[in-house]
Q: 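For reference, the structure I am asking about is given below.
Each chain gets a letter, A, B and so on, in the order its sequence line appears, and its residues count up from 1. Scope of the values below: all heavy atoms of this structure, side chains included, with no hydrogens, waters or symmetry mates.
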There are 2 protein chains.
Amino acid sequence: MSNVVNNYAYVSDEMRARVQASLDELGYQMDYLARGLRSGRTGFVALVVPSLAEPYFAALAESVIRAAREHRLSVLVETTGNAPEIEREVLQGSLTRMVDGVLLNAVAGPAPGIAELPAVILGESPPVANAPQVGIDNVAAARTVVQHLIDCGHRRILAYGNQDTETARLRFEGYRQAMTEARLGRLLNLDYDSGPWSAEGAYRDVAKLLRRRARPPEAIFAFNDSLAHGALRAIRDHGLAVPGDVAVAGIDDIAMSAFSEPPLTTVAPDLDELARQAVGLLVDRIDGRPAAHGFTRMLTPFRLVVRGSTVA
Amino acid sequence: MSNVVNNYAYVSDEMRARVQASLDELGYQMDYLARGLRSGRTGFVALVVPSLAEPYFAALAESVIRAAREHRLSVLVETTGNAPEIEREVLQGSLTRMVDGVLLNAVAGPAPGIAELPAVILGESPPVANAPQVGIDNVAAARTVVQHLIDCGHRRILAYGNQDTETARLRFEGYRQAMTEARLGRLLNLDYDSGPWSAEGAYRDVAKLLRRRARPPEAIFAFNDSLAHGALRAIRDHGLAVPGDVAVAGIDDIAMSAFSEPPLTTVAPDLDELARQAVGLLVDRIDGRPAAHGFTRMLTPFRLVVRGSTVA
DNA sequence: CTGTTAGCGCATTCAC
DNA sequence: GTGAATGCGCTAACAG
């Protein structure tokens with residue numbers, strides 16, 4: 001029977017047909033759990049992200065689920081809110097014993113125990129023992145956006161979204177490089193405090209900034225689109241025009257960015273490609289194909305999308 | 001050993017301590033797969049939705065994941081794009097043999113095979129054999145929004161988003177009721193054709209409508225917020241003012257609705273509550289606690305959120 | 001080619 | 001209270 005369902009070569013046609021008939025008649029359904037126990041595979045991979053309520057991660061998850069399906073894998077999604085204790089909990093819980101591998105976008109250091117599991121880092125989570133990383137070149141992306149802002153004639157450009165994550169550091173570094181190259185020494189930055197970047201938080205931060213500062217910046221480079229949209233709303237509620245008084249740009253090209261008023265200039269990563277790369281690398285590791293030389297970093301293509309928030 | 005990890009009552013303290021020590025020393029990790037084989041439980045539930053790229057489903061998924069965690073369950077997310085063939089595939093694949101239950105938001109009829117699995121319907125998927133349903137009262141929600149539009153003085157109100165789904169039918173019915181009660185005989189409706197409701201599709205539909213019709217409707221009741229945002233953008237691109245020329249309202253209260261220009265009047269379901277109810281019902285069924293009398297329908301609270309897209 | 005069997009790691013049952 | 005044994009459904013290995 002097993003030989004039939006698994007298409008074992010050395011079975012006579014007659015036997016195969018006979019078994020198949022019984023299978024159909026009895027409505028046989030494979031128990032994938034038992035197979036998993038035997039083979040050590042479950043056909044599940046985990047996707048760990050801060051929050052599905054954030055459009056970027058939701059879109060990423062959608063792409064990952066579709067990419068995984070190509071490999072006949074199902075995706076278990078866990079959200080952590082960027083809280084290190086929840087990340088640890090998730091990464092040590094029963095979850096990791098039931099999945100073949102994990103796609104990780106985390107903020108905490110490598111949790112003990114995860115090292116054993118095939119893993120791929122999405123973005124810039126703290127490096128896990130020889131897990132390949134996949135993502136856009138954040139420095140280049142940030143540099144591109146800020147360069148665009150500079151090209152639009154702005155000089156007092158604020159970098160918004162700094163926090164204690166590698167992604168934030170890289171995006172700030174891109175900002176710094178672009179500013180320095182343009183001989184714009186005055187770096188301005190505004191921190192974002194808690195949890196995953198969100199429009200709500202950004203609205204509060206930027207509203208407060210505008211109330212406090214006499215002169216608003218000429219442009220705001222928000223570290224992602226959610227922040228940018230919060231900023232946009234705050235600026236307009238403050239009675240200023242976008243891009244007239246303050247230009248705004250972000251990173252991610254979430255769906256909303258094409259529909260906001262004004263539409264948002266941003267950097268669009270190719271999420272389908274990112275997901276494909278990530279799942280591909282994960283499958284390689286699961287199948288025991290080791291990374292090229294112990295460590296890989298795959299860069300996903302991105303492009304600048306210029307919209308009304310920076311040009312009239 | 002098994003007795004210790006499972007907190008079996010009749011174990012001497014000394015023995016318990018001794019076993020525990022060995023466990024720690026050897027770094028014992030329970031194999032949940034083997035346990036699952038034995039107990040018939042995996043601790044996984046599946047969430048089947050059309051698309052995580054749609055903010056409503058993304059927010060729903062986030063809530064479901066958090067609610068499931070309260071029950072120590074992990075959530076497997078599958079997206080179907082509302083394509084019946086993919087729904088069937090997902091519902092018959094290995095997935096369903098590995099999860100304890102499934103939360104289903106589908107558009108196709110009940111797939112053969114799913115009937116055996118504990119299931120809870122989210123929204124108005126076609127009824128699956130004695131699976132309880134959870135969701136807002138769509139007729140009431142739609143009626144509330146349309147009533148609000150009527151209260152604002154509008155008469156020529158367009159219902160937008162009709163398609164071959166139960167949710168669409170119910171929302172149209174709410175619209176019809178409100179219109180009829182107000183003695184507004186002229187029902188206007190605009191269909192939405194393919195796949196999950198999206199802002200992109202709505203933009204095209206509404207732009208076309210405005211180009212064709214001499215006189216635009218006074219108000220548009222979009223069957224969800226994504227449609228509303230697409231409509232909003234189309235109306236404004238057409239040179240009309242919102243709400244001055246055309247008022248717009250939706251349902252869902254996705255994050256974007258508080259940040260759009262103008263912000264969107266909508267109906268906000270309590271998603272955390274919905275998720276809690278749904279997971280609770282699912283756990284009941286998994287544990288063999290049958291639904292009250294074979295069939296349950298749980299209504300989630302909602303509230304009208306009035307914003308700038310209907311009132312100046 | 002075909003039929004039988006050991007054992008994946010656990011929980012449960014049964015002797016002790 | 002404790003230790004040993006059975007079997008969940010499957011696959012791989014082996015003997016026929």
Q: What donor-acceptor contacts under 3.5 angstrom involve side-chain atoms of residues 11-18 of chain A, with partners at least two apart or in another chain?
A:
from: A:S12; atom 1: OG; to: A:M15; atom 2: N; distance (Å): 3.1
from: A:E14; atom 1: OE2; to: A:R18; atom 2: NE; distance (Å): 3.3
from: A:R16; atom 1: NH2; to: A:Y8; atom 2: O; distance (Å): 2.8

Q: Holding to side-chain contact (heavy atoms from CB on, under 4.5 Å), I want the full list of residues that pass it with B:S2, two or more places apart in sequence or in another chain.
A: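 Result, side-chain contact (heavy atoms from CB on, under 4.5 Å) vs B:S2: B:N6.
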
Q: Among all residues two or more places apart in sequence or in another chain, which pass the side-chain contact (heavy atoms from CB on, under 4.5 Å) test with A:S198?
A: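 Testing A:S198 for side-chain contact (heavy atoms from CB on, under 4.5 Å), a comparison that skips the adjacent residues, returns A:E54, A:Y192, A:E200.
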
Q: For A:R41 and D:dT11, what is the distance between atoms CZ and P respectively, to the nearest whole Å?
A: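 Taking atom P of D:dT11 as the reference, CZ of A:R41 is at 14 Å.
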
Q: Check the distance between C:dG9's P and B:L26's CG and give it to me in whole angstrom.
A: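 So the two atoms are 14 Å apart, to the nearest Å.
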
Q: Could you state the atom-to-atom distance from CG of A:L33 to P of C:dG9 in whole Å?
A: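 A:L33 atom CG is separated from C:dG9 atom P by 14 Å.
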
Q: What residue pairs, at least two apart or across chains, pass salt bridge (Lys or Arg N to Asp or Glu O under 4.0 Å) with a residue in residues 21-41 of chain A?
A: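 Only A:R41-A:D287 qualify under salt bridge (Lys or Arg N to Asp or Glu O under 4.0 Å).
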
Q: A:R69: what forms a side-chain contact (heavy atoms from CB on, under 4.5 Å) with it, not counting sequence neighbours?
A: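 A:R69: side-chain contact (heavy atoms from CB on, under 4.5 Å) contacts with A:I65, B:E78, B:T79, B:I86, B:V90.
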
Q: Whole angstrom is fine here: how far is it from CG in B:L37 over to C1' in D:dC10?
A: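 Interatomic distance, CG of B:L37 to C1' of D:dC10: 8 Å.
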
Q: Treat primed atoms plus P, OP1 and OP2 as sugar-phosphate and everything else as base, then score nucleotides 10-15 of chain C 5' to 3': B for base contact with protein heavy atoms under 4.0 Å, S for sugar-phosphate contact only, - for none.
A: BBB---

Q: To the nearest 10°, let me know how far the axis at one end of the helix from C:dC1-D:dG16 to C:dC16-D:dG1 is tilted from the axis at the other, five pairs an end.
A: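 That helix gives 60° between its end axes.
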
Q: With B:A53, which residues qualify under side-chain contact (heavy atoms from CB on, under 4.5 Å), at least two apart?
A: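 For B:A53, the residues satisfying side-chain contact (heavy atoms from CB on, under 4.5 Å) (neighbours in sequence not counted) are A:E62, B:S51.
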
Q: Can you list the steps and then say if A:T167 with A:N224 is a side-chain contact (heavy atoms from CB on, under 4.5 Å)?
A: CA-CA 10 Å; A:T167 303; A:N224 85 354; over 6 Å; no

Q: Return the value, rounded to whole Å, for the distance between atom CE of B:M98 and atom C1' of D:dC8.
A: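 Going from B:M98 (CE) to D:dC8 (C1'), I get 15 Å.
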
Q: Rounded to whole Å, please give me the gap between CG in A:N7 and P in D:dA12.
A: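 Result: 13 Å.
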
Q: Name all pairs fulfilling the ring-ring contact (aromatic ring centres under 6.0 Å, His included) condition that reach into residues 49-103 of chain B, sequence neighbours left out, sorted by first residue then second.
A: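 Qualifying pairs, neighbours excluded: none.
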
Q: Rounded to the nearest angstrom, tell me the gap between atom CD in B:E14 and atom P in D:dG1.
A: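 Answer to the nearest Å: 12 Å.
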
